[in-house]
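First the proteins, then the strands, lettered A, B, ... as listed; each starts at 1.
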Amino acid sequence: MKFSSSYEPGDFESDIYAAWEAAGVFKPTISIFPTDDNSDGHDDREDGSPCYSIVMPPPNANGNLHIGHGLTIALEDSLTRYYRLRGKSTWYIPGADHAGFETWVVYERNLEAKGHTRFEFDRNELYARVWDFVAEQRGNMELQLRALGASCSWDDLTFTLDENVIDRVYTTFEKMWNDGMIYRGEKLVNYCPKHQTAFADIEVEHQDEKGTLWEIEYRLAEALREEGILDAIVVSTTRPETLFGDVAVAVNATDERYKHLIGKTVHLPLTDRDIPIIADEHADPEYGTGAVKITPAHDFDDFEVGERHNLPRIQVISEDGHMINVPEKYLGLTTMECRKQVLKDLKEQGLLKGEKSINHSVAHCYKCGTVIEPMLKEQWFVDVEKLAKTAIEHLENNEIKFHPENKQKVLINYLKNLKDWNISRQIPWGIAIPMFKKVTEEATDEPDWIFDRRTNLKEIEKAGVKYVRDEDTFDTWFSSGHWPIVCTNWTEENYNPYYPLNVMETGADLLFAWVARMIMMGLYVTGEVPFREVYLHGMVLDAHGKKMSKSKGNVINPMDLVTKYGSDAFRLGIIRGRSAGMNQAFSENSVISGRNLCNKLWNISRLIQSIVDEDGDISGSYTTNNMGEDWICREINDCLKQVEQSMKNYRFSEAIETLYQTIWDKYADWFLESQKIFRNVPLLKVTLETILIALHPFAPFVTEAIWQNLSWTEGFIITQKWPRELKYDPISAENFESLIGIVSEVRGTLQALSGTNNAKKYALMYDNDSLVEDNLLLIRTLTKVPSINPLNGAPRGLRVALANHELYLDVPEKVVAEYRDSLTEKILAVGRELDSLNARMMNPNYVDKAPAHLVKETRDAIKEKEGLIARLKSQLELI
RNA sequence: GGGGAUUUAGCUCAGUUGGCUAGAGCGUACGAUUCACAUUCGUAAGGUCACAGGUUCAAGCCCUGUAAUCCCCACCA
């Protein structure tokens, strides 16, 4: 294969992915149930396990990947590829989400556009229709995952509605039912009248809004005039239309204004009912009039007040948002219509005493923005007490390591305040709740509800008793909580080396909704935490640090960037400059610099291939023949160590930074430049292989493309072994560091002179310096000075500002004189550094208490600076 | 009300248990160019590490307080 002369990722990325897939390299090498004969002989058992497992947070099967998915895949795939190179049997399990509510909303919108409504079809029919709808859309998302380079085991893709998922969910539910953790409760739920479904607390969005606080007079049923006080109580409310559901008025027991009214009765306006005045801490004397009407069926707080005082619940708003159980006049009105009418009528009766505008937060449906109506409904609830308690115990036992660390505490704090979990959703697109309600009335001994897996049936019969299925489906998070269990095919019977997962990587925003539930479910089902570590990434913001949103028009599509710059560039760009848990800005620039690195690597490889072609492919082990060669071995070793350390700590950005610097600033700029003179083919080969493998986790395509292009490499880079340490001579390596210092200083001095002399290159002279003498050609090439000669006789020209080397640039007197100011400035600068070092040494406490090596370093530095100043000063005198 | 963060160069961010002159990318300025790479090479400018105290031989880092910005949870009749 011949290298194309320019780096064109679009030419090879899809072919390479296809080749990997065809070769089956994404599959784990050890099966779930290990047998004796499938060890691959290269176990890297640093943590005791030959296996590495990670699951993909399933993207919506019916959507496209967004930038957050891009980050997720970049991070997870880098981990996967890294541990694969480290010799682990790596299992990266892909997924697709039925995305219950999301997909349902899209589908229902489609249905409405065609003039239909969901109510024309029964549940099974709708389920089948959405299934087909999603099946049409599937594939897009999977193609995009491939374009991002996800090296996941496609045969094991788990769809959230797969049989095994449903089975597992039913098994857990049954266990919970038998354990008495599931109950049917009439509770207030967050209800969206538009979608006609309930939501978990976590799915509701609160927004601050302007509203009106009305003050309504409720007259006392028994007049208290004789006591000379009040004959009425004024309540504050933002929802006058709910007064039909009022069952009490609450005041605070400590509120002197109303104390004497507790236990009395008031007449509920516009009705023929009387309701009691009760004392409850919920009433805040500071807020409004200090008296609050209690409507347990339509307000969360009132519901609790009702529970405390055993009050009835009167539902006055129907599930589609119309008034029910109200006087004829208001019956069937929408809540807003009713509100207007009520206010008008109250006003006419002189009962409307005040109207204030206030700011308060209002709950909205996170999908359609409709105001959430607290609705009294019978739903299935999970009693979370035991689940949360167990989870907290294991978290406090540090069984899961969090990145960033602080999320552990945040999660524990959340679990401590967790309320019971409403798992019923009134959406057909989801896993049916396997509960059936008794309809045979005579069978009084039988329970009202029974568990049964046959949810494909609407009606079942057991022992002559008929039951009908609950129409509801599970909250998505109930099944998602099983993700690590179902993806790894964990079972009660067999040991599974892939469970718990090594790591769970997902967005920080899912800590509560998902991570918490996976931990609770994992512990409940398997008795073990579902993963050893959690890595949470933050949100990807636009270049100005603003949240991306369609309405702002600042959404970046990852696929556009992949097309434009290549998948590797995207991956490098999105990981760079990003740390765990932080919401951070992202701009195309970082992708461009990623692309540039790929291009650099491409050209490095072309250069080395051309040297191999010219000099012949000398195989076998290398020997180092000069300082630069020893030095690059040392630098590459350091780089590998740092990358290993970074990966261990999930510091992806740091790993990339290290590689970037090593490849570009060290390998290309110094080593390869020196190799243009020396040409050590076996070393060039092994070092190139090493950096390619080390970069492979982050830039899989270009490293594989190069691997395939090089004449001497075999197999795929994806299945290579992580490189071993390179052998080198440390003293020689250190000498090269001095040479770099010399070259840099000469370059800098020449540049400083060029201001007046247009970068004219002057000859370099050395006095009694073996490092320079032994490397004349190299220094000449790197500095581009025309010649390097021994200094014969007295120092002349311009002294290069180096402490340990006697070097002069052969610059005419006149130019040196012009340089005088810069020289003076330089002496002053070094002098300032020297002063601060001296000050440190003058402090006896420093010499006493600081570690000895630091004190020594300071001494050495002082000596060096003093030498440098002395030399520069003598130079100044020469001028 | 409860919890969690952030504040370092023009911009976006690193800076691990305190330890040499606080780093990178982008941007800026100046210079280079017969080829591995202009998706390049070289050089440079640019910082009161939010502010005020404290601990320490030594603080960007630890402690206390202040300010600003942001996120999550609960509540707002």
Validation row, ring centre A:Phe652 to ring centre A:Tyr535 under 6.0 Å =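 They qualify: ring centres under 6.0 Å apart.
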Between [options], spot the one nearest the side chain of [X], thanks.
X        : options                : answer
A:Lys849 : B:rU40, B:rU56, B:rA14 : B:rU56
A:Asp669 : B:rU43, B:rC41, B:rA36 : B:rC41
A:Arg651 : B:rA36, B:rU6, B:rU16  : B:rU16
A:Ala585 : B:rA36, B:rC13, B:rC26 : B:rC13
A:Arg576 : B:rA36, B:rA24, B:rU16 : B:rA24
A:Ser579 : B:rU43, B:rA14, B:rG4  : B:rA14

Taking the [atom1] atom of each, how far is [N] from [M], in whole Å?
N      : M      : atom1 : result
B:rU7  : B:rC51 : C1'   : 11 Å
B:rA52 : B:rA45 : P     : 27 Å
B:rA74 : B:rG46 : C1'   : 47 Å
B:rC61 : B:rU8  : P     : 14 Å
B:rC62 : B:rC49 : P     : 16 Å

query = Can A:Arg517 be said to sit on top of A:Trp421's aromatic six-ring, NZ or CZ under 6.0 Å from centre and within 45° of the ring axis?
reply =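 Ring-cation test returns yes.
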State whether a side-chain donor-acceptor pair under 3.5 Å links [X] with [Y].
X        : Y        : result
A:Glu673 : A:Thr781 : no
A:Arg576 : A:Ser593 : yes
A:Thr289 : A:Ser236 : yes

Take the protein atom [atom1] of [X] and the nucleotide atom [atom2] of [N], then report the distance between them rounded to whole Å.
X        : N      : atom1 : atom2 : value
A:Glu657 : B:rU12 : CD    : C1'   : 12 Å
A:Lys865 : B:rU21 : NZ    : P     : 9 Å
A:Asn838 : B:rC57 : CG    : P     : 21 Å
A:Glu857 : B:rU21 : CD    : C1'   : 13 Å
A:Gln645 : B:rA14 : CD    : C1'   : 17 Å

request  = Once you apply the 3.5 Å cut-off to both distances, tell me the Watson-Crick or G-U wobble partner of B:rG1, or none.
outcome  = B:rC73
query = Applying a 3.5 Å limit to both distances, which nucleotide forms a Watson-Crick or G-U wobble pair with B:rU55?
reply =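 Paired with no nucleotide.
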So [X], base contact, sugar-phosphate only, or nothing? Heavy-atom distance under 4.0 Å.
X        : answer
A:Arg747 : sugar-phosphate
A:Gln584 : sugar-phosphate
A:Leu213 : sugar-phosphate
A:Gly577 : sugar-phosphate
A:Arg840 : sugar-phosphate
A:Tyr660 : nothing
A:Lys676 : base
A:Ser610 : nothing
A:Gln408 : nothing
A:Asp509 : nothing
A:Pro851 : base

query = With nearest nucleotides of RNA chain B determined for A:Glu833 and A:Asn843 from heavy-atom distances, which residue corresponds to the more 5′ nucleotide?
reply =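 Of the two residues, A:Glu833 wins.
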message = Assuming nearest nucleotide by heavy-atom distance, tell me which of A:Leu837 and A:Lys407 is located more 5' along RNA chain B.
response =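 Result of the comparison: A:Lys407.
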With respect to the phosphate group of [N], does any side-chain polar atom (N or O) of [X] fall under 4.0 Å of OP1 or OP2?
X        : N      : answer
A:Trp664 : B:rG25 : no
A:Ser6   : B:rU39 : no
A:Asn413 : B:rG4  : no

task = Fit a plane to each ring of A:Phe3 and A:Trp602, take the angle between them on a 0 to 90° scale, and name the class: parallel (under 30°), tilted (30 to 60°) or perpendicular (over 60°).
result = perpendicular
query = Is A:Lys784 side chain donor-acceptor paired with the B:rA32 base, going by distance under 3.5 Å alone?
reply = no
query = Do A:Gln751 and B:rA32 share a donor-acceptor pair, side chain to base, under 3.5 Å?
reply =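 A donor-acceptor contact between them is absent.
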query = If you look at every heavy atom in A:Ala250 and A:Ala283, which pair is closest and at what distance?
reply = O-CB, 3.7 Å
